[in-house]
Amino acid sequence: HYYITNNLRSLMRSDNARSEDRDRLFRSASENDNRNDLDASFRSVLSSSQIIPREVFRTTPARWYILFTLCWMGLIQNFIGNTWGPITEVMKKVYFWSDERVSLLSLWTPVFFVPGALLFPWLMAAANMRFVMLVNSSLLAFSGIIKILSVTVIPMKYLIYTAHVTQIINGLCGAAPFSSIMYISVNWFPLKEQLFVAGIIISCVNVGVAVPFILGPSLLPEPNSTDTSLVSTLGIITDTAEDIDYSTGLRWYLVIQGACMILCLVFSVIYFPSRPRYAPTASSVTARLDIKEGVKILLKRGNFWLAVLMFSLTTGTFNGYGLTLDTIVTKCGISQAEAGYIGFAALLSCVPANLIIGGLGGMFPRRKKIMTIVFLVTGTSTMTVFVAQLENWLPRNMTVVWVTVIVGVMCLTGAAPLFFDMSAESSHPVSEDLSSTVMVLGNQLMSLFFIALIQIPHLVDEAHRDKLNYVLIGSFALSVVFSTLYRPTTVREQMDANSVTVDQLDYRSIQQVENAGYSIEVSCD
């Protein structure tokens, strides 16, 4: 084993001495066991390394404003994405919208999320983070103005068309908050805060999904089954008091959303630089690969794809399953009201879980794999009991149903900060925006796959609902298997801990050396 440690000062005495020492090191390595796969690119590990004092790295209070702006954008984007689901019955009975219309509106966000996610890394490479945030928030503000005009100036008969436009724009803008999770964490926050910050952003996203379940029904309560023909097929409001209440509630619902979307642009314009004035860690100033080279590296990183699969099989599967949770639970003999409460409680349980798990990951960085396995095993076990309760494999107990679904969702989706950190660690020096984009793409594709299963005729009927539960438990069980195969890496953590930055590293060569039996460490006094 060759330990490249505490020798950087001696290698910097002079150019000749440094060259001779480096050549002697590589000659001895090549002669030992004919390990000739150490190519010239690996020499840059020493030739381009430089010691940076710890005092150079510092944080600024402005990082919390940056975090607030990104959290606000993520919350509002998911708030808009879930606009019509919680008020489906009102739109059907009052405005005569069909189930297909409401389903299509809900589908636009995950569908158009994919092209938006593909554009995000390219915009980051072509411009910078401030430009991307301004473009994203400008589109959201434009969509917010359309929402406000649709219920104040534009005739109500055009509401369905403006709703489609705003949902499509929202889908295109959805990638920025997700894909920026690790980019903001790494470039603005110190190492111990990065996982906790990722948990805060993901928690705000979950809160955004939950807000319409409270705000929508409070402004637009479900009509009685005896109420018919409240408005005409063209959506023209009549003069009855009840109709005016519904039109006023819908107006306030969309105006509140539009105002919140405009605030995204205001916050971004006030202050959102591309990078902080001071670098918080050494890894934040390490040169990143371009998109083409980054994609090549990612395709060869098995650890990275294990993180993608774990995130997609847990969060992505549950997101898709959540769309039919009410239907499945009600067919099992549970009331629709209680089914809604169960789904809402499960969703909100992710908020403290993300914060707690993210904080634990920051305090115990060398125990991330163990924590991931424990959370996934616990979540899979409790969700299995939940399914057993629904399918009457075990005697029905509503207390057990509530506890198992909340604990299961907390463990499975609450581990999302760990998955994002694993992806950034295992893909370094690939840019965090690219690795996070691949993560969220996998999550959305898994959700769309589950939505496609739902579209199969009669699959959610009472005779076939267990098939969806089998897919759910099978996905969670696979995530447990993948978590055991993950091999922790600490390249970025060691770089930050030792305050050493490397301008250009060929990590393919480093992997070759490690596979050959060598151990590589770079440190300083």
Side-chain angles (χ1 to χ4, degrees), residues 82 85-86 88-89 203 206-207 209-214 217 222 310 313-357 360 371-416 446-447 450-451 453-454 458-481 483:
N82 196 29
T88 300
E89 294 301 318
S203 297
N206 292 326
V207 171
V209 179
V211 166
F213 288 105
I214 299 297
E222 183 177 353
M310 286 187 285
L313 290 172
T314 53
T315 306
T317 301
F318 180 76
N319 289 342
Y321 184 82
L323 296 176
T324 58
L325 181 63
D326 289 354
T327 303
I328 294 175
V329 171
T330 52
K331 289 185 177 296
C332 295
I334 300 174
S335 65
Q336 185 174 359
E338 189 168 9
Y341 291 139
I342 291 174
F344 181 74
L347 191 61
L348 281 188
S349 67
C350 301
V351 176
N354 287 321
L355 298 177
I356 294 172
I357 295 176
L360 291 175
M371 286 191 293
T372 302
I373 294 176
V374 170
F375 288 130
L376 292 182
V377 170
T378 303
T380 303
S381 302
T382 53
M383 289 302 292
T384 302
V385 176
F386 169 72
V387 171
Q389 289 282 318
L390 294 184
E391 299 294 337
N392 291 321
W393 299 337
L394 296 175
R396 176 74 58 80
N397 187 320
M398 289 307 301
T399 302
V400 175
V401 171
W402 276 83
V403 171
T404 52
V405 69
I406 290 176
V407 173
V409 174
M410 287 181 66
C411 293
L412 292 166
T413 62
M446 191 65 195
S447 298
F450 212 96
I451 292 174
L453 289 179
I454 297 172
H458 309 300
L459 189 60
V460 294
D461 288 351
E462 186 173 356
H464 303 88
R465 66 173 185 267
D466 56 340
K467 293 182 174 60
L468 289 177
N469 292 325
Y470 294 154
V471 174
L472 181 76
I473 300 303
S475 299
F476 294 160
L478 276 177
S479 67
V480 175
V481 175
S483 66

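As the structure is a computational prediction, the values presented were derived from the model and not from experiment.
Every residue two or more places apart in sequence or in another chain that forms a side chain to side chain contact (heavy atoms under 4.5 Å, CB included) with V400 is listed here: V385, Q389, N397, T404. Shown here are the side chain to side chain contact (heavy atoms under 4.5 Å, CB included) partners of L472, two or more places apart in sequence or in another chain: T317, Y321, M383, V387, F476. With sequence neighbours excluded, the residues that form a side chain to side chain contact (heavy atoms under 4.5 Å, CB included) with I406 are A345, S349, W402, M410. Listed by chain and residue number, V351, N354, L355 satisfy the side chain to side chain contact (heavy atoms under 4.5 Å, CB included) test with S203 (two or more places apart in sequence, or in another chain).
Side-chain contact between N206 and L348 is absent, with no heavy atoms from C-beta onward closer than 4.5 Å.
Annotation for V409 and A346: closest pair CG1-O, 3.3 Å, computed over non-hydrogen atoms. The minimum heavy-atom distance between I373 and S483, with the atom names listed, is CG1-OG, 3.6 Å. In plain terms, the two heavy atoms of G379 and T382 that are nearest each other are O-OG1, 3.0 Å. Annotation for P217 and P212: closest pair CD-O, 3.2 Å, computed over non-hydrogen atoms. In terms of heavy atoms, T378 sits closest to V374 at OG1-O, 2.8 Å. The two residues S447 and G316 come nearest to each other via the heavy atoms OG-O, 3.0 Å.
The one candidate from V407, T314, T315 that meets the side chain to side chain contact (heavy atoms under 4.5 Å, CB included) condition with L412 is T314.
From T413, atom OG1 reaches atom CD1 of I357 across 8.0 Å, with rounding to the nearest 0.5 Å.
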